[in-house]
*Asks:* 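Mind looking over this structure? Questions follow.
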Amino acid sequence: MGIDSSKRIKMDASWQALLQDEFDLQYMQDLRCFLQHEKQLGKIIYPQAKQFFSALNLTLFDQVKVVILGQDPYHGAGQAHGLCFSVPPGIALPPSLVNIYKELSSDLAIERADHGCLVNWAMQGVLLLNSVLSVERNQAAAHQGQGWERFTDTIIELINAQLEHVVFILWGGYAQKKGAFINSSKHLVLQAPHPSPLSAYRGFFGKKPFSRSNEYLQSVGKTPIDWQLPDLMTAQKQFNLAQEINQKIVKSH
């Protein structure tokens with residue numbers, strides 16, 4: 001992986017200070033080799049490498065108010081851009097996001113957005129973190145077990161230990177198992193079945209995670225999240241800004 005990890009990490013400085021030592025560990029060296037090998041084989045990987053850490057670049061460490069934990073990125077063309085459950089403006093809504101919007105509408109009477117871009121949430125302090133940060137095109141879960149899970153466990157552990165009064169939204173058994181160590185005495189942990197059509201009927205709807213998050217944040221003196229997503233034109237501008245932020249960070253390293 002080279003000599004100086006600080007020269008390799010392409011992420012926001014607030015996270016880099018906390019995570020740069022991880023990149024010197026063997027598991028991250030192995031992960032880097034795996035990704036390089038896959039690329040050499042001509043495999044298409046989503047999202048783009050410069051977007052791997054988008055969730056961290058858009059939600060700085062000390063600004064994290066809510067963590068929504070996903071599993072791995074969307075594996076269809078044009079979908080993944082580094083934020084769990086989110087897709088770029090103009091891309092059809094994935095089924096899980098359709099169900100998230102249904103719950104949002106039921107919970108807060110917010111009309112469904114005409115796009116699936118969640119950058120607006122990320123910029124308010126909602127860390128939209130996948131457990132695995134890359135995937136092969138059309139091969140769901142292809143990069144699981146290669147090291148990303150340990151890396152994102154470290155991110156969750158840092159938030160759990162160093163921040164207070166964070167809301168963790170854990171949808172599905174995978175996320176709940178990953179977040180099992182979270183200290184519920186100093187954070188709010190909200191659990192429900194996954195919003196996927198395969199499991200949402202088991203109790204995803206009606207849990208009111210959005211209003212419950214805001215009630216908790218206000219109760220501890222924090223500004224609530226405005227869950228209302230902007231119109232398509234504004235969402236496109238925010239998406240473009242997010243791309244610029246990623247590009248600027250990449251070029252600065």
*Asks:* Backbone N or O of Leu170 within a donor-acceptor pair of the Gln176 side chain at under 3.5 Å?
*Replies:* yes
*Asks:* Indicate the atoms forming the closest heavy-atom contact of Ala192 with Gly203, along with that distance.
*Replies:* CB-O, 4.5 Å
*Asks:* Quick one: salt bridge (charged side-chain N to carboxylate O under 4.0 Å, His left out) pairs with a partner in residues 200-212, sequence neighbours left out?
*Replies:* none
*Asks:* Just how far is it from atom CG of Leu58 to atom CG of Leu128, taken to the nearest 0.5 Å?
*Replies:* 9.0 Å
*Asks:* For Ser134 and Pro47, which heavy atoms make the closest approach, and how far apart are they?
*Replies:* CA-CD, 4.3 Å
*Asks:* Going by the angle between their ring planes, with limits at 30° and 60°, are Trp171 and Phe204 parallel, tilted or perpendicular?
*Replies:* perpendicular
*Asks:* Not counting sequence neighbours, which residues clear side-chain contact (heavy atoms from CB on, under 4.5 Å) with Pro95? List them please.
*Replies:* Pro197
*Asks:* For the residue pair Asn99 / Glu103, report whether a side-chain donor-acceptor contact shorter than 3.5 Å exists.
*Replies:* no
*Asks:* So, for Leu83 and Ala55, which heavy atoms are closest and what is the spacing to 0.1 Å?
*Replies:* CD2-CA, 3.5 Å
*Asks:* Would you compute the distance between atom CG of Asp12 and atom CG of Leu60 and round it to the nearest 0.5 angstrom?
*Replies:* 4.5 Å
*Asks:* Do Ser14 and Asp62 have side chains that approach each other closer than 4.5 Å (heavy atoms only, starting at C-beta)?
*Replies:* no
*Asks:* Under 3.5 Å, side chain of Asp72 to main-chain N/O of Ala140, donor-acceptor pair present?
*Replies:* no
*Asks:* Check whether the ring centres of His115 and Phe239 lie less than 6.0 Å apart, and answer yes or no.
*Replies:* no
*Asks:* Give, for atom CD of Gln228 and atom CD1 of Ile110, the distance between the pair rounded to the nearest 0.5 Å.
*Replies:* 5.0 Å
*Asks:* Determine whether more than 12 heavy atoms belonging to other residues, nucleotides or ligands lie under 6.0 Å from atom CD of Glu111.
*Replies:* no
*Asks:* Out of curiosity, does Val87 fall in the hydrophobic cluster containing Tyr46 (side-chain heavy atoms, cut-off under 4.5 Å, transitive links)?
*Replies:* no
*Asks:* Under the side-chain contact (heavy atoms from CB on, under 4.5 Å) test, which residues partner Thr59, sequence neighbours left out?
*Replies:* Val64, Ala122, Leu127
*Asks:* Under a 4.5 Å cut-off applied to non-hydrogen side-chain atoms, are His165 and Leu217 in contact?
*Replies:* no
*Asks:* So, using side-chain contact (heavy atoms from CB on, under 4.5 Å) as the criterion, who are the partners of Tyr27 when residues are at least two apart?
*Replies:* Glu22, Leu25, Arg150, Phe151, Thr154
*Asks:* Can you confirm whether Asn214 sits close enough to Ile225 that some side-chain heavy atom of one is under 4.5 Å from a side-chain heavy atom of the other?
*Replies:* yes
*Asks:* Check whether the ring centres of Trp148 and Phe34 lie less than 6.0 Å apart, and answer yes or no.
*Replies:* no
*Asks:* When you measure from the side chain of Ser54 to the backbone N and O of His81, does any donor-acceptor pair fall under 3.5 Å?
*Replies:* yes
*Asks:* Is any side-chain heavy atom of His143 closer than 4.5 Å to one of Leu133?
*Replies:* no
*Asks:* Does the side chain to side chain contact (heavy atoms under 4.5 Å, CB included) test come out yes or no for Lys237 and Asn240, once each step is laid out?
*Replies:* CA-CA 5 Å; Lys237 290 178 181 178; Asn240 293 344; 5.5 Å; no
*Asks:* After noting the C-alpha distance and the side-chain angles of Leu19 and Leu158, does the key distance pass the side chain to side chain contact (heavy atoms under 4.5 Å, CB included) rule?
*Replies:* CA-CA 9 Å; Leu19 292 167; Leu158 286 165; 3.7 Å; yes
*Asks:* Can you list every pair that meets salt bridge (charged side-chain N to carboxylate O under 4.0 Å, His left out) and has a residue in residues 171-193, with sequence neighbours left out?
*Replies:* Asp153-Lys178
*Asks:* Flag the pair Val119 / Leu241 as yes when at least one side-chain heavy-atom distance between them is below 4.5 Å, and no otherwise.
*Replies:* no
*Asks:* How are the rings of Phe85 and His194 set relative to one another: parallel (under 30°), tilted (30 to 60°) or perpendicular (over 60°)?
*Replies:* tilted
*Asks:* CD/Gln247 to NZ/Lys50 distance, rounded to the nearest 0.5 angstrom?
*Replies:* 4.0 Å
*Asks:* Where is the tightest heavy-atom contact between Ser213 and Pro209, given as atom of each residue plus distance?
*Replies:* OG-O, 2.6 Å
*Asks:* Go through it in stages, so that I can follow the logic: the residues are Phe210 and Ile100, the test is side chain to side chain contact (heavy atoms under 4.5 Å, CB included), and I'd like the CA-CA distance, side-chain angles, deciding distance and then a yes or no.
*Replies:* CA-CA 10 Å; Phe210 307 102; Ile100 290 170; 3.9 Å; yes
*Asks:* Assess the side chains of Gln63 and Gln124: does a donor N or O sit below 3.5 Å from an acceptor N or O?
*Replies:* no
*Asks:* Do any N or O atoms from the side chain of Gln139 and from the backbone of Val135 form a donor-acceptor pair under 3.5 angstrom?
*Replies:* no
*Asks:* For Ile155 and Trp15, what are the C-alpha separation, side-chain angles and deciding distance, and is it a side chain to side chain contact (heavy atoms under 4.5 Å, CB included)?
*Replies:* CA-CA 9 Å; Ile155 292 171; Trp15 288 102; 3.6 Å; yes
*Asks:* Return the set of residues passing salt bridge (charged side-chain N to carboxylate O under 4.0 Å, His left out) with Glu38 (not counting sequence neighbours), or none when no residue passes.
*Replies:* Lys43
*Asks:* Linking I/L/V/M/F/W/Y whenever their side-chain heavy atoms sit closer than 4.5 Å, directly or via other members, would Leu232 and Tyr101 fall into one cluster?
*Replies:* no
*Asks:* Below 4.5 Å, heavy atoms only, C-beta onward: do Met28 and Asp24 meet side chain to side chain?
*Replies:* no
*Asks:* On a heavy-atom basis, which atom in Pro73 and which in Ala80 lie closest, and how many Å separate them?
*Replies:* CB-CB, 3.9 Å
*Asks:* Would you say the side chain of Phe61 lies within less than 4.5 Å of the side chain of Ile159, judging by non-hydrogen atoms?
*Replies:* yes
*Asks:* Could you state the interatomic distance from CG (Leu129) to CZ (Phe168), rounded to the nearest 0.5 Å?
*Replies:* 10.0 Å
*Asks:* On a heavy-atom basis, which atom in Lys222 and which in Glu164 lie closest, and how many Å separate them?
*Replies:* NZ-O, 2.9 Å
*Asks:* So if you build clusters from Ile, Leu, Val, Met, Phe, Trp, Tyr with side-chain heavy-atom gaps below 4.5 Å, do Leu108 and Ile169 land together?
*Replies:* yes
*Asks:* Decide yes or no for Pro94 and Gln79: does some side-chain heavy atom of the first lie under 4.5 Å from some side-chain heavy atom of the second?
*Replies:* yes
*Asks:* To the nearest 0.5 Å, how far apart are CD in Glu157 and CD in Gln162?
*Replies:* 11.0 Å
